[in-house]
K.L.:
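Starting off with a structure, shown below.
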Amino acid sequence: MCKLLLSRGASLDARDQDGDDPETLARVCDCTTAADLLAAVRAAGGWLPWLDAPRTELLALRQRLPALRDRGRAASSASVRAHEWLFLKAPDDVFSHVLAFWRSPRDD
């Protein structure tokens, strides 16, 4: 329910009559999963940055991959040719477009 409300624009800064925000209320009600989600979304700077974080991390890994390979921290050949093309040879705009369609567990 929290994900649905946040995806529809619910505010993390809303307060009840006692001045408690949603995260505080979730912790008081012992809804730790919801409270942790609300804290993570707030820490990320909002719903969309939180939702896009796995894609952003993957893009950053792709950008660091050549340096990691040079230092021997990543394998020099991929086991699947499509992965090698996507991570090493595809232009940045193509890679970003592919990432736009990639779903992470956060999208569920």
Side-chain angles (χ1 to χ4, degrees):
M1 183 57 75
C2 286
K3 285 183 177 182
L4 176 66
L5 292 171
L6 289 168
S7 72
R8 299 296 191 260
S11 174
L12 293 169
D13 298 320
R15 304 281 177 174
D16 68 1
Q17 63 275 12
D18 296 325
D20 294 329
D21 65 7
E23 182 185 347
T24 302
L25 289 172
R27 294 209 188 278
V28 167
C29 295
D30 201 29
C31 298
T32 55
T33 302
D36 292 345
L37 170 67
L38 294 166
V41 171
R42 182 181 301 279
W47 174 253
L48 289 178
W50 178 83
L51 190 65
D52 288 337
R55 292 173 189 85
T56 302
E57 291 170 7
L58 195 55
L59 181 58
L61 173 62
R62 179 182 186 259
Q63 293 168 344
R64 289 192 320 266
L65 193 56
L68 291 172
R69 290 179 77 182
D70 290 344
R71 294 191 315 239
R73 306 264 314 182
S76 60
S77 64
S79 60
V80 178
R81 292 183 53 113
H83 290 144
E84 183 174 354
W85 179 85
L86 182 61
F87 276 93
L88 300 173
K89 299 176 183 167
D92 286 343
D93 59 332
V94 171
F95 186 79
S96 295
H97 188 72
V98 169
L99 276 184
F101 293 96
W102 176 69
R103 293 183 56 80
S104 78
R106 292 183 178 190
D107 292 302
D108 295 331

K.L.:
I need the L37 CG to C31 SG distance, nearest 0.5 Å.
P.N.:
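Between L37 CG and C31 SG, I get 12.0 Å after rounding to 0.5 Å.
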K.L.:
Return each pair, listed once, that meets ring pair (Phe, Tyr, Trp, His ring centres under 6.0 Å) where at least one residue sits in residues 9-48; pairs must be two or more places apart or across chains.
P.N.:
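Applying ring pair (Phe, Tyr, Trp, His ring centres under 6.0 Å) to every pair that reaches into residues 9-48, excluding sequence neighbours, yields W47-W50.
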K.L.:
Using the side-chain hydrogen bond (donor to acceptor under 3.5 Å, both in side chains) rule, collect all pairs that involve residues 25-39, keeping only residues at least two apart or in two chains.
P.N.:
E23-R27, R27-D36
K.L.:
According to salt bridge (charged side-chain N to carboxylate O under 4.0 Å, His left out), does anything in residues 43-54 pair up with another residue at least two apart or in another chain? List the pairs.
P.N.:
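Counting only pairs at least two positions apart or across chains, the salt bridge (charged side-chain N to carboxylate O under 4.0 Å, His left out) contacts touching residues 43-54 are D52-R55.
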K.L.:
Would you list the pairs meeting ring pair (Phe, Tyr, Trp, His ring centres under 6.0 Å) in which at least one residue belongs to residues 9-40, sequence neighbours left out?
P.N.:
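The answer is none; no pair qualifies.
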K.L.:
Restricting to side-chain hydrogen bond (donor to acceptor under 3.5 Å, both in side chains), what partner residues turn up for D21, sequence neighbours left out?
P.N.:
T24
K.L.:
In the hydrophobic clustering that connects Ile, Leu, Val, Met, Phe, Trp and Tyr at side-chain heavy-atom distances below 4.5 Å, which members other than L5 occupy its cluster, ordered by chain and number?
P.N.:
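Members besides L5, by chain and number: M1, L4.
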K.L.:
Where is the tightest heavy-atom contact between A26 and L38, given as atom of each residue plus distance?
P.N.:
CB-CD1, 4.4 Å
K.L.:
Quick one: side-chain contact (heavy atoms from CB on, under 4.5 Å) partners of L58, sequence neighbours excluded?
P.N.:
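For L58 the side-chain contact (heavy atoms from CB on, under 4.5 Å) partners, ignoring immediate neighbours, are L61, F87, F95, L99.
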K.L.:
Give me each pair satisfying side-chain hydrogen bond (donor to acceptor under 3.5 Å, both in side chains) with a member in residues 7-18, each pair once, sequence neighbours excluded.
P.N.:
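Qualifying pairs: D13-R42.
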